[in-house]
Number of protein chains: 4
Amino acid sequence: MRAGRPRDEGVRRAILVAAQELVLERGYAAVTMGDVAKRAGAGKQTLYRWWPGKGALVLDAFSEWVSQAPRLRGPRRPSLSSTLVELCRGASEAAPVLRALMAEAQFDEDLHRRLIAQLVRPRGDELRACLVDRRPADRELVVNVLSGLVWQRLMLNEPLDARFVRFALRVVERI
Amino acid sequence: MRAGRPRDEGVRRAILVAAQELVLERGYAAVTMGDVAKRAGAGKQTLYRWWPGKGALVLDAFSEWVSQAPRLRGPRRPSLSSTLVELCRGASEAAPVLRALMAEAQFDEDLHRRLIAQLVRPRGDELRACLVDRRPADRELVVNVLSGLVWQRLMLNEPLDARFVRFALRVVERI
Amino acid sequence: MRAGRPRDEGVRRAILVAAQELVLERGYAAVTMGDVAKRAGAGKQTLYRWWPGKGALVLDAFSEWVSQAPRLRGPRRPSLSSTLVELCRGASEAAPVLRALMAEAQFDEDLHRRLIAQLVRPRGDELRACLVDRRPADRELVVNVLSGLVWQRLMLNEPLDARFVRFALRVVERI
Amino acid sequence: MRAGRPRDEGVRRAILVAAQELVLERGYAAVTMGDVAKRAGAGKQTLYRWWPGKGALVLDAFSEWVSQAPRLRGPRRPSLSSTLVELCRGASEAAPVLRALMAEAQFDEDLHRRLIAQLVRPRGDELRACLVDRRPADRELVVNVLSGLVWQRLMLNEPLDARFVRFALRVVERI
DNA sequence: CAGTAATCGAGACGGTACGTCAGGTCTTTGA
DNA sequence: TCAAAGACCTGACGTACCGTCTCGATTACTG
């Protein structure tokens, strides 16, 4: 093992919790690294030791939050519609954070990569998994269209509600 | 006429030109209001008198730029494919600015409204105009899908090239 | 007479009144040329046409105010003590303005000259007039000492009250 | 010891030196906090962390300068005349700064207190120390008169030369 | 009585400094 | 070596006021 004092896992969790709370309270833009440090009872340096910036930190904070959410993990393959409903529910709740992260990622190459790896790709994979009985080319097509509709909806700040889900499913069944 | 010294049109144009040049040279994030003022030979206050911030200013600068671009204005209704090609060409050239503006708009309600009114809606309308022979419900569906695909492509920093256009058209003809 | 529209005397008075009121309401430092113009219903240019800056304007505004004050103008030569009392009363009332003007004059050569000509010298002359029966050398000495004591008192923001007058008179009778 | 990085004494000195140099080169009014920061290789925030504004900073810069000057510190009590000569020499050299500080203090209550505590009172005490063989009441009287004469001379921008010293001493011996 | 010249209110303009804020790094003490 | 605390440099922010300018409108005198 590496020499020196080991990383304090409690501190890491405190930081993520603080980041999450503050972002939910004030919104992403109104939270600073210093705020998070203070709330977590940590030093700013400790934040920067483990995360390159606010974006990556908040991304981690909400990755955990999302993965804690009860996802449908039955033995049977989930249907597209139930998956889409679940996905929209999550995206709707976390909409302000998702918007902010995607926005910040436009100015930060590294965050952009992380965001795609931790959020965009996994959601795409979930959808893809519901389409195993489609032709591979069609599969990509549908995944692209659905993901495009959802992200556009987020960035334009329009609701990801049941009406939208019906709309999206109507599109898919036409393809 | 209104009392007082009238707004100097030359200054307005100089500011927009300066903003455009600087954004193209250095990229949106690396340009400050002070830079634009200096390049335009204007005072910062003059910028803030007419625009609420960098986002709105750059949006105006590129709105004019876009509207100067030779758009297809034939007497006949343009085809969907040619419109999409043209739209992707424009979006591809201005991609860095579009990404930045959409990103900034996530943090700025006012800019969000302006962006939709000056960029998002007009492009949607162009597409819609090519679809007059579709059923109204289908029309909205197609416009949404295409616009979603394009914006997603922009935010994920993937190329809006000929291959993408073919892909998008394939989607549309299935609907 | 010179061609062109003649100076509007009403405007001049309105500006002086506005300056005076504003300075009394908010204090010298918190008043701007723009404020005075607005209150007077005048344009800023009109202010700058007739005064070089805030200092000179306020000086004029309070010169008139001071000269309106009922000064002892009897047929007989006024006594030193009554003159000093009167002078301290005036200085005490206008203390904030006097402090500000003298302060501003330290940064403005022109205002410095005006201040001496319109305020410092006249007050010295009033004192001098009470000392005609002293030897000329003594006279200057006393005037200098008294004026020094008063200005020091102003700049140090100490009260110019009856106690001070007694103190000053005690000094003088020793000389 | 207190936690956190301790104040960097070198930075503090660099700032004071920079302030002093710039004020001597350009004059108080032509120096900005930003100038001082740049010259000192410091951030503006660091200046504002330790001083509330330009006035307090320059006051500190010249307080140190004055205290470095070789003051008469003989075993014997210094004479009034030699003290006054020395005081006028210092005041004469630093006249522009003293005028500016006293002026600024008229607009800034906090600076006013600092100025009196760091400059006005100490000089008065030096004079008072030369007058221990006078009656207490006379002592205050003389100190007030001398200090009044000096400050008036400064504010009216008249020379504090040998002639003035003789004049002042003549006044005192009459009292 | 038209023409000239200066005034006036209004407010845009270039410029300069302000004081604040956040980002990210560095330097202590202490565990 | 990690951690908390907080000083530090950097650079942009948006505001305030300065003194000048450019309008249209007004008001005298001048030819």
Side-chain angles (χ1 to χ4, degrees), chain A residues 1-8 10-12 29-35 37-38 40-50 52-54, chain B residues 1-12 15 29-35 37-38 40-50 52-54, chain C residues 1-8 10-12 14-15 29 31-35 37-38 40-50 52-54, chain D residues 1-12 29-35 37-38 40-50 52-54:
Chain A
M1 196 203 185
R2 281 209 338 281
R5 178 174 175 176
R7 176 170 184 180
D8 183 333
V11 168
R12 182 181 150 276
V31 174
T32 73
M33 290 296 262
D35 292 338
K38 183 158 288 180
K44 274 170 57 173
Q45 192 62 267
T46 305
L47 274 66
Y48 282 107
R49 210 188 327 270
W50 305 112
K54 185 167 67 156
Chain B
M1 195 207 184
R2 272 204 3 272
R5 178 177 178 172
R7 177 169 184 181
D8 186 331
E9 195 58 26
V11 168
R12 183 184 147 273
I15 290 170
V31 174
T32 72
M33 289 297 261
D35 292 338
K38 185 158 289 179
K44 278 201 321 179
Q45 196 63 260
T46 302
L47 274 66
Y48 283 106
R49 200 183 342 263
W50 303 111
K54 185 168 67 156
Chain C
M1 196 201 187
R2 274 205 351 277
R5 178 175 177 173
R7 176 170 187 180
D8 183 333
V11 168
R12 181 182 150 274
I15 291 170
V31 174
T32 72
M33 289 297 262
D35 293 338
K38 185 157 287 178
K44 274 171 55 171
Q45 192 63 268
T46 305
L47 275 65
Y48 283 106
R49 208 186 330 267
W50 304 111
K54 184 166 69 155
Chain D
M1 195 206 185
R2 271 205 2 274
R5 178 176 177 175
R7 175 168 186 182
D8 185 331
E9 195 57 27
V11 168
R12 183 183 148 274
V31 174
T32 73
M33 290 297 262
D35 292 339
K38 185 159 287 179
K44 278 200 323 180
Q45 195 64 261
T46 303
L47 275 66
Y48 283 105
R49 203 188 332 270
W50 302 112
K54 185 166 69 157

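Every chain is numbered from 1, with letters handed out A, B, ... down the list of sequences.
- Phosphate proximity of E:dG11 to B:R7: absent, as no side-chain N or O sits under 4.0 Å from OP1 or OP2.
- Residue contacts for D:A42: at a heavy-atom cut-off of 4.0 Å it reaches the sugar-phosphate backbone alone, with no base atom in range.
- In this entry the distance linking CG of C:D8 with C1' of F:dT27 reads 10 Å, nearest Å.
- In terms of the side-chain hydrogen bond (donor to acceptor under 3.5 Å, both in side chains) criterion, D:D8 has no residue partners (sequence neighbours excluded).
- Taking atom CZ of residue C:R12 and atom P of nucleotide E:dA6, one finds them 21 Å apart after rounding to whole Å.
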Table of protein N/O atoms under 3.5 Å from nucleotides 16-18 of chain E N/O atoms:
residue	atom	partner	partner atom	Å
E:dC18	OP2	D:M33	N	3.2

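- Residue contacts for A:G41: at a heavy-atom cut-off of 4.0 Å it reaches the sugar-phosphate backbone alone, with no base atom in range.
- Across A:G43 and A:A37, no two heavy atoms sit closer than the pair C-CB, 4.0 Å.
- Residue side chain D:R5 reaches the base of E:dC26 through a donor-acceptor N/O pair under 3.5 Å, judged by distance alone.
- Taking the side-chain contact (heavy atoms from CB on, under 4.5 Å) definition, one finds that A:R12 meets it with A:R7, A:E9, A:L16, A:W51, A:E64, sequence neighbours left out.
- Listed pair A:T46 / F:dA4 meets the phosphate criterion, a side-chain N or O lying under 4.0 Å from OP1 or OP2.
- D:A40 is linked by a side-chain contact (heavy atoms from CB on, under 4.5 Å) to D:A14, D:I15, D:A18, D:A42, counting only residues two or more places apart in sequence or in another chain.
- Side chains of A:L47 and A:K44 form no contact here, defined as non-hydrogen atoms less than 4.5 Å apart.
- Rounded to an integer number of Å, the gap from CG of C:L47 to C1' of E:dT7 is 14 Å.
- Proximity of B:W50 to the phosphate of E:dC13: a side-chain N or O atom is located under 4.0 Å from OP1 or OP2.
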